[in-house]
2 protein chains.
Amino acid sequence: MKERQSWRDVRDQIQARLLNGTYAMGDRLPRDEDIAAELGCARSTVQRAMQDLADAGRIDRRRKGGTQVKHSPVTRATFDIPLIRAEVEAKGARYAYRLLSRDLGLPPPTVAASMELPTTAQALHVRALHLADTRPYVLEDRWINPETVPEILSVDLAAISANEWLVRNRPYSRFDLAFCALRAGPEEADLLQIPVGEALFVTDRTTWLGAASITLVRQIAVPGYRIATRS
Amino acid sequence: MKERQSWRDVRDQIQARLLNGTYAMGDRLPRDEDIAAELGCARSTVQRAMQDLADAGRIDRRRKGGTQVKHSPVTRATFDIPLIRAEVEAKGARYAYRLLSRDLGLPPPTVAASMELPTTAQALHVRALHLADTRPYVLEDRWINPETVPEILSVDLAAISANEWLVRNRPYSRFDLAFCALRAGPEEADLLQIPVGEALFVTDRTTWLGAASITLVRQIAVPGYRIATRS
DNA sequence: AAGTGGTCTAGACCACTGA
DNA sequence: CAGTGGTCTAGACCACTTG
C-alpha cells in the first residue's frame, strides 16, 4: 500500500501546494519533520525537495526561522552554451573556421582589468570567424593570458580554433558570462557579410583557472541568432 | 585528526583532479565506493559531489558503465531574471510604469502556436512601458490566456503591471525563456526614445501552469542592456 | 548475471538564529 | 538557549546497463 516516494515526488507535491494556494505568499511552512510525517517519508527526503525549491528561488529557508514562501519569486534560468562547432553541426550545416589575426600585444585597459592582468602584461589577441556552410556565423575576438596558458603560443591556431584547443587542453574552474546586443559597425558588417546597422547578439565570457584568468572572449553572432533555455 | 568532509569539499577535491590531469578527458574514474574509502567519507557524500559535477556538465555517469570525464564539457550558465521593478530600483532609479494598450483579440498565429491556443481563441493583448527615472527602460508586448487567468480581465492594468499582478497572483509551474537581438524599428524607436536602427536586447518568455499557458511576453530593453551570470 | 550509480531511511550531530 | 534547517553516516534496496 505504502508508495515509495522520491524527493522529486515530494517536491512536486509541495510545489502543487504553492500553486493552489495551500501555502500562500509569505506563509510559513510546517517544519520539515512534520511534512515528512504527513507524507510518510524521511526528513532528509523532504530536505532534498525543499533545497530544490529554494534553489529555484521559490522559498526562503532559515535555521530556526523555518521555511517561508517568497514574496517575489526569482526567475532562475539555466542555459547550455554549446561549442560553436557542435551548434553548427547540430543544425545540419558544415562547420568551418578561419583565423583572421593572431598577435601578441598589450590588451586595452578594459580587457586587462577584466582579466586582472598587470598593466604591463602582454596577451595573445586572436580574431577568428566561425562559418556554417561557408556562410559567416560567429565572429570571435579573444585575448588569452600566456601566463596561465603558455602552450597556446606554439599552437597553430589556423588549424584548430582557440576555443576548441582550450576546451580540450585547459579546463576552467570558473567562468563569467554576459549577453548583450550590439549594432553592427562597418567592420562587423564586412566580416559577417551583413548590412551595417544590423542587430547582433553578443556573448562575453571570461574563464578562470583558480584565481588566474585564462581567456576573455567576445563572440558576435549573425542576425537572427537566439539562445533558449534547455527544455 | 580525521577531518569532517562536506560533499562540497569532496567535489572540490575531485574537480582539482580533473583540472590537474589526474583524471584526464575520457578517463573512467574509480567507483564511488573506492573514492569514498580513499577520502574517508560515506559513499553518499561522494555521490552528492559527483551529482553536482554531472549537473555542471563535466562528467558523465552511467549505471554499470561508471563515471567518465566528458570529452566536450558543456558550459552551463544560470541567470537570475529579476522583476523589472526590482532591477530598476536596484540601480537606484525610480520605477514607473505606463500602460500603452489593452485589447481582447485574436492573437497572430505564431503567438497562438507558442501558447498552444485553439486558433479561434481570443487572448488579452497588453502593451506597456517600464520606466527608470522617467526614461523608457523596457518595452513590453504581452498576450495573456484568459482561459487560464480569467481574473486578469477585471484587473486595472494601468495601476499595476501585468507582470507583477501575475507574479503575485498566479505562480507558474514552468517557463520557457529565450534571448535575441533586434534592430529598432520606427515604433520601438519612438516609444523608447532612441534612434531607429539601435540594437535592442530582447527577452521572450512563455509561462505555464501545468499544461496550460498563462502568458507570452516579449520584453525589449534599451540599448546597452546587459545580463550576466550571477556571481 | 553482475556491477555500478541512484535513492531512501533512520539516526545522529552540527550550525545558525530568533525569542 | 531552544528550535529549525543542514549535513553526514551506514546500510539497504532498486534500476539500469553492460558483458
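Convention: sequence-line order gives letters A, B, ...; per-chain numbering from 1.
- Checking C:dT9, C:dG5, D:dT9 against every side-chain atom of A:A42, the shortest atom distance belongs to C:dT9.
- Taking 3.5 Å as the limit, the base of D:dG6 and the side chain of A:R48 contain no donor-acceptor pair of atoms between them.
- For residues 153-163 of chain A, no pair satisfies salt bridge (Lys or Arg N to Asp or Glu O under 4.0 Å), with sequence neighbours left out.
- Checked by atom type, the side-chain pair A:S213/A:N145 shows a donor-acceptor distance below 3.5 Å.
- To the nearest angstrom, P of C:dC8 lies 13 Å from CG of A:L39.
- For the pair A:S44 and A:G66, nearest-nucleotide mapping onto DNA chain D gives the more 5' position to A:G66.
- Regarding B:W7, its CH2 atom lies at a distance of 21 Å from the P atom of C:dC14, rounded to whole Å.
- Counting non-hydrogen atoms of neighbouring residues, nucleotides and ligands closer than 6.0 angstrom, the CZ atom of B:R98 reaches no more than 12 such neighbours.
- With sequence neighbours excluded, the residues forming a side-chain contact (heavy atoms from CB on, under 4.5 Å) with A:N163 are A:L83, A:E140, A:R142, A:S161, A:V167, A:Q219, listed by chain and number.
- Note: A:F179 and B:F201 fail the aromatic proximity criterion, with ring centroids not under 6.0 Å apart.
- Look at CG on B:D55: it is 13 Å from C1' on C:dG6, rounded to the nearest Å.
- At C:dG5, none of the side-chain N or O atoms of B:Q51 fall inside 4.0 Å of OP1 or OP2 (strictly under the cut-off).
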When the side chains of residues 18-26 of chain A are checked against the rest of the protein, which donor-acceptor pairs come out under 3.5 Å, sequence neighbours left out?
from, atom 1, to, atom 2, distance (Å)
A:N20, OD1, A:T22, N, 2.8
A:N20, OD1, A:T22, OG1, 2.5
A:Y23, OH, A:R17, NH1, 2.8

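- Contacts between residues 24-36 of chain A and DNA chain D, counted as heavy-atom distances below 4.0 Å, involve A:R28, A:R31, A:D32.
- The distance from atom CZ of B:R43 to atom C1' of D:dA12 is 10 Å, rounded to the nearest whole Å.
- In this structure, CD1 of A:I59 is placed 16 Å from P of D:dT4, rounded to the nearest angstrom.
- Residues passing the side-chain contact (heavy atoms from CB on, under 4.5 Å) test with A:R135, sequence neighbours excluded: none.
- Counting to the nearest Å, the C1' atom of D:dA10 and the CD atom of B:Q47 are 15 Å from each other.
- Atom pair B:L53:CG and C:dG5:C1' shows a separation of 15 Å (rounding to whole Å applied).
- Ion pair B:R218/B:D141 not flagged as a salt bridge, since none of the NZ, NE, NH1 or NH2 atoms sits closer than 4.0 Å to an Asp/Glu carboxylate oxygen.
- Taking atom CG on B:D60 and atom C1' on D:dT17, their separation rounds to 14 Å, with Å as the unit.
- Of the side-chain N and O atoms in B:T67, one or more sit less than 4.0 angstrom from OP1 or OP2 of C:dG5.
- Shown are B:Y225, B:Y137, B:Y97; of these, the ring pair (Phe, Tyr, Trp, His ring centres under 6.0 Å) with B:H130 is made only by B:Y97.
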Short N/O separations, protein against nucleotides 15-19 of chain C, under 3.5 angstrom:
from, atom 1, to, atom 2, distance (Å)
C:dT17, O4', A:R63, O, 3.4

